[in-house]
Amino acid sequence: MKAVGICGSDVHFLKALRLADYVVKEPMVIGHECAGIIEETGSEVKNLVPGDRVALEPGIGCWRCDLCKEGRYNICPDMKFFGLPPFHGSLARQIVHPAYLCFKLPDNVSLEEGALCEPLSVAVHACRRGNISPETNVLVMGAGPIGLVTLLAARAFGAPRIVTVDVDGNRLSVAKELGADGVVEVSTNMQDIPKEVETICNVMGAKVDVSFDCAGLSKTMSTALSVTRAGGKVCLVGLGHNEMTVPLTPAAAREVDVIGVFRYKNTWPLCIELLRSGKMDVKPLITHRFGFSQKEIEEAFETSAGDGNAIKVMFNL
């Protein structure tokens, strides 16, 4: 391993020892945003040699269930995923991983960028699910790491106008720097939704075709459902709350489709090509870098959890 990013789920496991129904019951290595250099290959591996720089897709499907056979391995019920109990993650000097989930990086794509193919893959999968095109105006709810890569991916997919919404003005400034056409700072108060929907529509200057909820809260989902045009789509990308109270009936009456997004499938080649070609630049997302000593690891997680200016914290091993 040479580059490993910290995800919000890693912080959650470290702090709470659980995430949703996944519980840490014994010591476990975390981490799943990663890239490294091939040190050794099995005798049957033909596509990789020692010295190759690779980005790793962290989930291993069973390839026996109906979902895997349909190609939807991202929702395989028996997936073995880095850093998801009880499976060890990639924040380690060395790991063993299937060759078909290791993707060679071009010379002009760094190992850090390779590690960011993981969160970028979430965004690419979301854009595919939402059928983003040059005819699609996009709203992104949330300007955290996933919201920001969703902004970048939507632009790469050709979205002509993208508006980003968040409660944090600093993050909205980052979204603007990354190319958002407009930003809207909102509150956490549900009572403000009608007024904020009006503001979002004014800033968009057109109908919202697809909304990405990258937070997954009652407030963000209610806003997305309310602001998306009749016949449009709302993609639930962030999984902030297990349960939400949202105005689903009015949205259904306007035939707004609600689309679930979970992980990704067959995204690494496209992500790497977007980085190679320069159609997407994820380097500005890396705000902090740390080494691999015990002290630096602790500082890195504290920074990721508590620094309001931190977007992506990266380990260089």
Side-chain angles (χ1 to χ4, degrees), residues 7-13 15-16 18-23 75 119 122-123 125-127 129-130 132 137-151 154 162-172 174-175 180 182-204 207-263 304-306 308 311:
C7 175
S9 63
D10 298 323
V11 175
H12 214 81
F13 278 127
K15 297 288 187 181
R18 71 175 300 151
L19 181 65
D21 295 330
Y22 297 99
V23 181
I75 46 177
V122 174
H125 181 57
C127 286
R129 294 276 285 158
I132 302 305
N137 292 316
V138 168
L139 175 68
V140 179
M141 301 294 301
I146 293 298
L148 293 174
V149 291
T150 300
L151 159 63
I162 304 169
V163 172
T164 301
V165 175
D166 201 278
V167 298
D168 188 323
N170 291 329
R171 297 217 164 189
L172 289 175
V174 175
V183 297
V184 178
E185 187 169 349
V186 295
S187 74
T188 58
N189 191 338
M190 296 288 289
Q191 305 304 318
D192 292 335
I193 289 177
K195 178 180 65 177
E196 291 169 357
V197 165
E198 184 177 349
T199 302
I200 291 167
C201 289
N202 289 335
V203 173
M204 180 67 75
K207 292 181 178 179
V208 176
D209 298 303
V210 178
S211 292
F212 293 103
D213 182 356
C214 297
L217 309 173
S218 293
K219 171 81 189 297
T220 53
M221 194 62 176
S222 295
T223 302
L225 288 168
S226 299
V227 78
T228 302
R229 69 167 175 83
K233 299 179 178 67
V234 174
C235 298
L236 181 54
V237 184
L239 304 177
H241 286 165
N242 280 352
E243 296 182 1
M244 292 185 281
T245 300
V246 298
L248 204 53
T249 302
R254 294 183 293 114
E255 291 199 349
V256 174
D257 294 337
V258 178
I259 298 172
V261 176
F262 190 62
R263 294 181 182 145
S304 184
I311 299 175

[X]: what forms a side chain to side chain contact (heavy atoms under 4.5 Å, CB included) with it, not counting sequence neighbours?
{"X": "Ala126", "value": "Phe212, Val237, Val261"}
{"X": "Thr228", "value": "Val208, Ser211, Val234, Val256"}
{"X": "Pro247", "value": "Ser222, Leu225, Ser226, Pro250"}
{"X": "Leu217", "value": "Ala215, Thr220, His241"}

N/O donor-acceptor pairs under 3.5 Å from side chains in residues 162-169, not counting sequence neighbours:
from: Asp166; atom 1: OD1; to: Asp168; atom 2: N; distance (Å): 2.8
from: Asp166; atom 1: OD2; to: Ala143; atom 2: N; distance (Å): 2.6
from: Asp168; atom 1: OD1; to: Asn170; atom 2: N; distance (Å): 2.8
from: Asp168; atom 1: OD1; to: Arg171; atom 2: N; distance (Å): 3.3

If you compare all heavy atoms of [X] against all heavy atoms of [Y], which two are closest, and at what distance to 0.1 Å?
{"X": "Leu236", "Y": "Gly216", "value": "CD1-CA, 3.9 Å"}
{"X": "Tyr22", "Y": "Phe13", "value": "O-CE2, 3.7 Å"}
{"X": "Ile193", "Y": "Thr223", "value": "CG1-OG1, 3.8 Å"}
{"X": "Val140", "Y": "Cys214", "value": "CG1-SG, 4.0 Å"}
{"X": "Pro119", "Y": "Val149", "value": "O-CG2, 3.6 Å"}
{"X": "Ser218", "Y": "Val246", "value": "O-CG1, 4.1 Å"}

Subject >> Distance, nearest 0.5 Å, that separates SG of Cys235 from CG of Leu139 >> reply: 11.5 Å
Original post:
Could you state the interatomic distance from CG (Leu19) to CG (Asp10), rounded to the nearest 0.5 Å?
Top reply: 10.0 Å
Subject >> salt bridge (charged side-chain N to carboxylate O under 4.0 Å, His left out) contacts touching residues 241-262 (sequence neighbours left out) >> reply: none
Subject >> Listed once per pair and sorted, the side chain to side chain donor-acceptor pair (under 3.5 Å) pairs that draw on residues 190-202, sequence neighbours left out >> reply: Ser187-Asp192, Ser187-Glu196, Glu196-Lys219
Subject >> Listed partners of Arg229 passing side-chain hydrogen bond (donor to acceptor under 3.5 Å, both in side chains), at least two apart >> reply: Asp209
Original post:
Going by heavy atoms in the side chains, are Val258 and Leu248 under 4.5 Å from each other?
Top reply: yes
**OP:** Count the heavy atoms of every other residue, nucleotide or ligand shown that sit under 6.0 Å from CG of Asn242, and state whether that count exceeds 12.
**Re:** no
